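Here the structure is laid out as structure tokens; the discussion comes afterwards.
Proteins get letters first, then strands, A, B, ... in listed order; numbering begins at 1 in each. Keep in mind that what you see is a predicted model, and the values were worked out from it rather than measured.
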Amino acid sequence: MFDSPNLESKIVEIYNLHYLDVYRFLIYFMGNQNDAEDLTQEVFIRVLKSLPKFNSNYPLKTWILSIAKHVAIDHYRKRRFTALFKEGFFKQLSSSDKKPDEEFEITETKRLIHEAIATLKPDFRAVVILRGINEFSVSETAAVLQCSMAKVKVDYHRALKILKKKLNIEIEGALTNAK
Amino acid sequence: MRSEQELMDELKEMYPQYPSKEFKSSTEKLLRMKARDLEKKEKLSDLRQLFQAEFSYLFSFFVC
């Protein structure tokens with residue numbers, strides 16, 4: 001439990017320690033920087049409100065990430081029927097000095113990776129981001145997702161299999177067709 | 001087929017790893033403000049409880 005008179009300094013300390021973990025989880029989950037930033041803010045507001053009730057026997061990082069997962073899934077549900085990754089994504093594809101055909105290949109690869117992630121169900125997407133990108137351990141991931149370690153292992157394995165299969169078929173196909 | 005590491009490296013390269021510059025300081029300001037509001041509310045609620053306790057004590061004193 002945190003003392004409420006220290007709430008301001010405590011939340012700032014917690015925010016500085018964990019905002020990058022939360023942001024990195026959300027940017028891969030949502031697919032664009034604007035949403036990731038808005039939702040990171042929302043996560044820490046929820047953390048602040050729940051802080052006086054926080055049980056310090058529970059690891060803080062996994063508690064915060066489990067709030068981030070709930071916020072991301074709530075937002076995902078709200079936007080389910082709109083094109084989830086449509087806006088923002090293409091704005092982020094940076095222009096460079098590359099030749100048009102090289103540029104096209106990179107853009108196409110990014111688009112396909114992006115679409116492959118977007119097709120994963122939210123639980124699979126969360127497990128790939130936490131284990132693969134945020135590099136959480138199996139037990140930390142299980143604590144965030146509130147499931148067993150065995151489920152994390154199975155879901156991660158299945159999600160990777162789907163991603164690899166989709167990407168190898170689609171990227172190779174798209175690039176061959178583009179030539 | 002890609003290895004797991006290659007796949008993760010590709011994923012990591014896809015999006016900016018850091019939020020925009022203004023984001024960190026503006027969120028920190030917002031959190032400070034909200035924390036102060038919560039503290040004020042808590043103090044007010046403590047005062048209200050104290051007042052209610054005092055009032056019920058005085059009330060029972062006069063009734064007796």
Check your understanding: Taking the side chain from A/Q33 and the backbone from B/P16, do they hold a donor-acceptor pair closer than 3.5 Å?
Key -> no
Review point. Quick check: are there more than 12 heavy atoms from other residues, nucleotides or ligands sitting under 6.0 Å from NE2 of A/H70?
Key: yes
Practice item. Give a yes or no answer on whether the side chain of A/E8 reaches the backbone of B/M33 with a donor-acceptor pair at less than 3.5 Å. Key: no
Exercise for review: Over all heavy atoms of both residues, which pair between B/A35 and A/I11 is shortest? Give the atoms and the distance, please.
Suggested key: CB-CG2, 4.1 Å
Kindly list each side-chain donor-acceptor pair under 3.5 angstrom involving residues 138-148 of chain A, sequence neighbours excluded, with atom names and distances?
| from | atom 1 | to | atom 2 | distance (Å) |
| --- | --- | --- | --- | --- |
| A/S139 | OG | A/S137 | OG | 3.3 |
| A/E140 | OE1 | A/S137 | N | 3.1 |
| A/T141 | OG1 | A/S137 | O | 2.8 |
| A/S148 | OG | A/K151 | N | 3.1 |

Point to revise | Closest non-hydrogen atom pair between B/S26 and A/Q41, with its separation | key: OG-NE2, 4.4 Å
Check your understanding: To the nearest 0.5 Å, how far apart are OH in A/Y15 and CD in B/E28?
Key -> 7.0 Å
Review point. Where does the angle between the aromatic ring planes of A/Y28 and B/Y15 fall among parallel (under 30°), tilted (30 to 60°) and perpendicular (over 60°)?
Key: perpendicular
Exercise for review: Compare all side-chain heavy atoms of B/P19 with those of A/L20 and state whether any distance is below 4.5 angstrom.
Suggested key: yes
Exercise for review: Examine whether an atom of A/E135 lies under 4.5 Å from a heavy atom of chain B, and if so say whether it belongs to the side chain, the backbone or both; otherwise answer neither.
Suggested key: side chain
**Study point:** Top contributor to chain B contacts, counting heavy-atom pairs under 4.5 Å, from A/T40, A/N16, A/I129, A/V12
**Key:** A/V12
Point to revise | Interatomic spacing from CG in B/L30 to CD1 in A/I45 - rounded to 0.5 Å | key: 4.5 Å
Check your understanding: Is there a path from A/Y58 to A/L60 through hydrophobic residues (I, L, V, M, F, W, Y) whose side chains come within less than 4.5 Å of each other?
Key -> yes
Point to revise | Heavy-atom contact with chain A under 4.5 Å, split by part of B/L31 | key: both
Check your understanding: In chain order, what residues pass the salt bridge (Lys or Arg N to Asp or Glu O under 4.0 Å) check against A/R158, with sequence neighbours excluded?
Key -> none
Check your understanding: Centre of B/Y18's six-membered ring, under 6.0 Å away, within 45 degrees of the axis: is that where NZ or CZ of A/R24 sits?
Key -> yes
Study note, to complete from the structure: The interface call for A/F44 against chain B, heavy-atom contacts under 4.5 Å, is both
Exercise for review: Establish whether A/L17 and A/L48 are linked, either directly or via other cluster members, by ILVMFWY side-chain heavy-atom contacts under 4.5 Å.
Suggested key: no
